[in-house]
Amino acid sequence: MCGIVGYVGKRECLPIILEGLKRLEYRGYDSAGVAVAQSGKLFFQKKAGKVSELEAALVLNRLPASTIGMGHSRWATHGEPNDTNAHPHSDCSGTIAVIHNGIIENFQTLKTKLQKDGHVFKSATDTEVLSHLIEEIMKNGNDLFTAVRLALKEVQGAYGLVVMSSKEPEKFVVAKLGSPLILGIGDGENMVASDAAAIIAHTRQVVYLNDGEVAEVSADAFKTTTLDQVEVTKEIKKIDFDLSQIERAGFDHFMLKEIHEQPETIRNAMRGRLQVEQGGVRLGGLEHVQAKLVNARRIIIIGCGTSWHAGLVGEYMLEQIAKIPTEVEYASEFRYRNPVVTSEDVVLLMSQSGETADTLAALKEAKAKGATVLGVVNVVGSTIARESMGGVYVHAGPEIGVASTKAFTSQLTVLALITLMIARAKGMSETDGKILAKELDALPDKVRKVLGNADQIQRLADEFKGSNNFLYLGRGANFPVALEGALKLKEISYIHAEGYPAAEMKHGPIALIDKNMPVVFVVPKDAIYEKVLSNVQEVRARKGRIIAIANEDDHEIEKLAEFVIRVPRTYGFFGPILNVVPLQLLSYYMAIARGTNVDQPRNLAKSVTVE
Ligand code: G6P
């Protein structure tokens with residue numbers, strides 16, 4: 001979603017800002033803009049489309065060299081993605097520049113009032129009200145910091161905000177509520193950004209702003225207060241990834257790189273946690289809440305998109321192995337339905353980014369109702385990680401491809417670890433624990449084996465690239481895998497795909513099956529293998545084109561399916577970690593075959609920071 005980057009220091013700011021905007025491109029956006037300050041004036045350039053189009057515009061219309069400036073990539077909410085609606089937004093006098101992630105919910109009321117006072121608006125955005133509101137408050141002699149603080153007291157909604165003024169051209173005023181914002185602390189220079197990827201090339205020292213905080217940032221210093229002027233002492237933290245992790249490393253796309261990283265990222269999720277010889281698990285971030293987890297009346301897993309799918313697999317693991325009643329909810333539904341949650345419930349928030357607005361709101365709702373709220377998050381230091389009472393980082397490293405891949409398998413691995421930890425605490429024997437621990441330990445090598453099928457899957461994609469519909473079917477813990485396979489295909493190749501529980505096919509989707517319909521079955525040799533095989537027969541009887549994800553020793557399936565992609569066997573509930581990998585590759589190669597933009601699919605955002 002929208003990206004923010006700002007620089008103040010000794011160097012020419014524009015190249016740094018443009019480079020930062022490019023590093024944020026993965027988040028998804030549809031226009032971009034920059035503003036710099038020079039000789040007591042602000043200068044703007046804004047453009048619909050990609051950062052490359054903004055760069056082209058800057059060649060034609062050069063901005064003066066400056067050592068303070070900011071840039072924004074916008075994912076449209078209010079107002080179409082055109083040059084005018086792109087950020088930064090200014091006020092009537094052109095002395096204020098504002099970039100903003102989030103939504104100002106009461107913007108219409110504020111706008112009407114400001115218009116009555118004579119302010120003239122140029123854009124259709126909610127953000128522009130902030131520039132005029134700050135302008136209005138500065139008319140009373142307030143400095144920029146005070147004006148931003150007072151303006152935000154009138155605002156309802158969410159924001160990650162950066163404001164510049166030509167009257168105080170040596171500083172930014174920034175603020176956060178519900179949208180991520182970090183400060184990058186350098187030597188004689190400082191940065192602001194919505195995402196560490198924008199600043200990692202310049203500094204790894206960061207300050208995470210909390211909701212309700214405002215900061216003034218200049219080249220040598222920063223100060224932070226609450227909206228009510230209470231001073232806040234901030235800790236400088238070190239980012240634990242480097243530039244190489246957010247570059248493509250020879251792969252054509254981030255998504256492909258991230259798919260191939262999975263043997264390593266799954267290993268990282270288990271490192272120092274899985275105790276194979278003792279058949280146990282140690283999770284430092286859960287030690288203080290272990291009793292709560294083990295004695296939980298129920299576990300509620302909450303997430304969006306792929307993280308929700310991970311939660312669905314987690315439900316099978318936690319109920320079947322750890323014997324705790326488990327529910328899985330979409331964050332967006334949970335937050336608004338006044339759910340019955342008590343202090344005996346444990347709520348697990350699943351989120352790659354740790355910034356998804358709905359998941360964060362669900363966290364707050366569950367916390368307010370007294371539940372123990374725990375995060376299973378990838379991005380270290382993200383808001384969900386900080387607001388949770390405990391949790392586990394999945395340690396997949398930065399995920400840049402919009403379609404989530406390695407974060408999903410790492411989430412599943414962490415859910416398996418949590419499950420095993422609870423199961424052992426509830427009396428699972430060491431012998432049984434060891435069996436599961438060994439299966440987990442073997443997963444990275446098995447994933448590597450699945451990745452060896454990439455060429456076969458590419459050929460398959462070529463065969464099916466003309467299909468406009470796909471059905472994905474699976475049962476048990478592989479039903480969510482079917483959902484995830486269908487989601488991946490929709491996201492990056494824009495092919496309509498449905499994931500369904502295989503047995504439910506008879507209640508509707510079977511009507512779609514004819515000789516043109518590709519049906520992907522996830523059919524490992526587990527307890528319900530025979531049942532799924534019957535569903536395969538049903539599709540075959542109607543001449544559907546069957547693609548099967550099946551185990552290496554399954555010779556039945558080759559008699560029924562047109563194509564079989566082999567995966568090694570593992571313990572049933574861990575199967576999704578292997579079975580999803582061919583589906584990730586299939587969607588990747590389908591997108592390549594159809595020529596779509598794999599890493600930045602249309603309309604999608606990596607991190608959805610608005611409702
Ligand atoms: C967006 C992304 C998905 C992701 C979902 C949840 O839709 O495009 O890939 O699964 O948000 O994001 P989260 O960061 O909370 O896992």
Side-chain angles (χ1 to χ4, degrees), residues 1-3 24-29 75 77 101 178-180 194-197 254-255 258-259 265 301-314 328-335 347-364 373-388 391-412 414-415 480-481 483-494 499 580 583-584 587-588 591 597-611:
M1 219 148 237
C2 306
L24 294 177
E25 286 193 296
Y26 78 96
R27 297 173 64 94
Y29 71 106
W75 187 88
T77 57
N101 289 357
S179 280
S194 52
D195 181 326
F254 281 110
M255 182 182 178
E258 287 158 5
I259 291 173
T265 49
I301 307 180
I302 298 177
C304 303
T306 291
S307 293
W308 181 74
H309 292 161
L312 289 177
V313 178
V328 187
E329 289 235 31
Y330 280 120
S332 51
E333 292 298 315
F334 179 87
R335 62 181 292 194
V347 172
L348 279 189
L349 288 310
M350 306 292 305
S351 179
Q352 186 287 125
S353 63
E355 301 293 350
T356 302
D358 283 325
T359 312
L360 183 57
L363 180 156
K364 290 181 177 157
V373 296
L374 307 173
V376 175
V377 170
N378 187 34
V379 177
V380 176
S382 55
T383 311
I384 292 172
R386 284 181 290 134
E387 300 244 338
S388 299
V392 187
Y393 281 120
V394 305
H395 289 318
E399 190 179 64
I400 308 288
V402 165
S404 183
T405 52
K406 63 174 181 171
F408 179 71
T409 47
S410 294
Q411 286 170 330
L412 296 189
V414 164
L415 285 166
V481 175
L483 292 177
E484 177 62 7
L487 178 65
K488 289 286 88 89
L489 194 70
K490 281 184 273 208
E491 281 180 317
I492 59 164
S493 50
Y494 317 145
V580 76
L583 304 186
Q584 297 169 341
S587 69
Y588 173 78
N597 185 340
V598 172
D599 283 332
Q600 291 162 41
R602 69 183 179 208
N603 303 338
L604 293 182
K606 181 69 187 157
S607 170
V608 177
T609 49
V610 296
E611 295 193 33

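Atoms within each ligand, like the ligands themselves, are counted from 1 in listed order. Position 1 is the first residue of the sequence; numbering continues from there. Nothing here was measured: the structure is a model prediction, and the numbers come from that model.
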Chemist: About how many Å separate CD1 of Ile400 and CD of Glu25, when rounded to the nearest 0.5 Å?
Modeler: 11.5 Å

Chemist: Can you pull every nitrogen or oxygen pair between ligand 1 and the protein closer than 3.5 angstrom?
Modeler:
from, atom 1, to, atom 2, distance (Å)
ligand 1, 8 (O), Ala605, O, 2.8
ligand 1, 9 (O), Val402, O, 3.3
ligand 1, 10 (O), Thr306, N, 3.0
ligand 1, 12 (O), Thr356, OG1, 3.3
ligand 1, 14 (O), Ser351, OG, 3.4
ligand 1, 14 (O), Gln352, N, 3.4
ligand 1, 14 (O), Ser353, N, 2.7
ligand 1, 14 (O), Ser353, OG, 2.6
ligand 1, 14 (O), Thr356, OG1, 3.4
ligand 1, 15 (O), Ser351, OG, 2.6
ligand 1, 15 (O), Thr356, OG1, 2.5
ligand 1, 16 (O), Ser307, OG, 2.5
ligand 1, 16 (O), Gln352, N, 2.7

Chemist: Using modelled atom types only, decide if a donor and an acceptor are shared between the side chain of Tyr494 and the backbone of Arg602 within a distance under 3.5 Å.
Modeler: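 At least one qualifying donor-acceptor pair exists.
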
Chemist: Going by the side chain to side chain contact (heavy atoms under 4.5 Å, CB included) test, name the single residue among Leu360, Leu363, Thr359 that passes it with Thr383.
Modeler: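 Of the listed residues Leu360, Leu363, Thr359, the side chain to side chain contact (heavy atoms under 4.5 Å, CB included) partner of Thr383 is Leu360.
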
Chemist: Tell me whether Asn378 contacts the main-chain N or O of Gly354 through its side chain, where contact means a donor paired with an acceptor under 3.5 Å.
Modeler: no

Chemist: Please name all residues satisfying salt bridge (charged side-chain N to carboxylate O under 4.0 Å, His left out) with Lys488, sequence neighbours left out, ordered by chain then number.
Modeler: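 For Lys488, the residues satisfying salt bridge (charged side-chain N to carboxylate O under 4.0 Å, His left out) (neighbours in sequence not counted) are Glu484, Glu491.
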
Chemist: When rounded to the nearest 0.5 angstrom, what is the spacing between CG in Leu312 and OG in Ser307?
Modeler: 11.0 Å

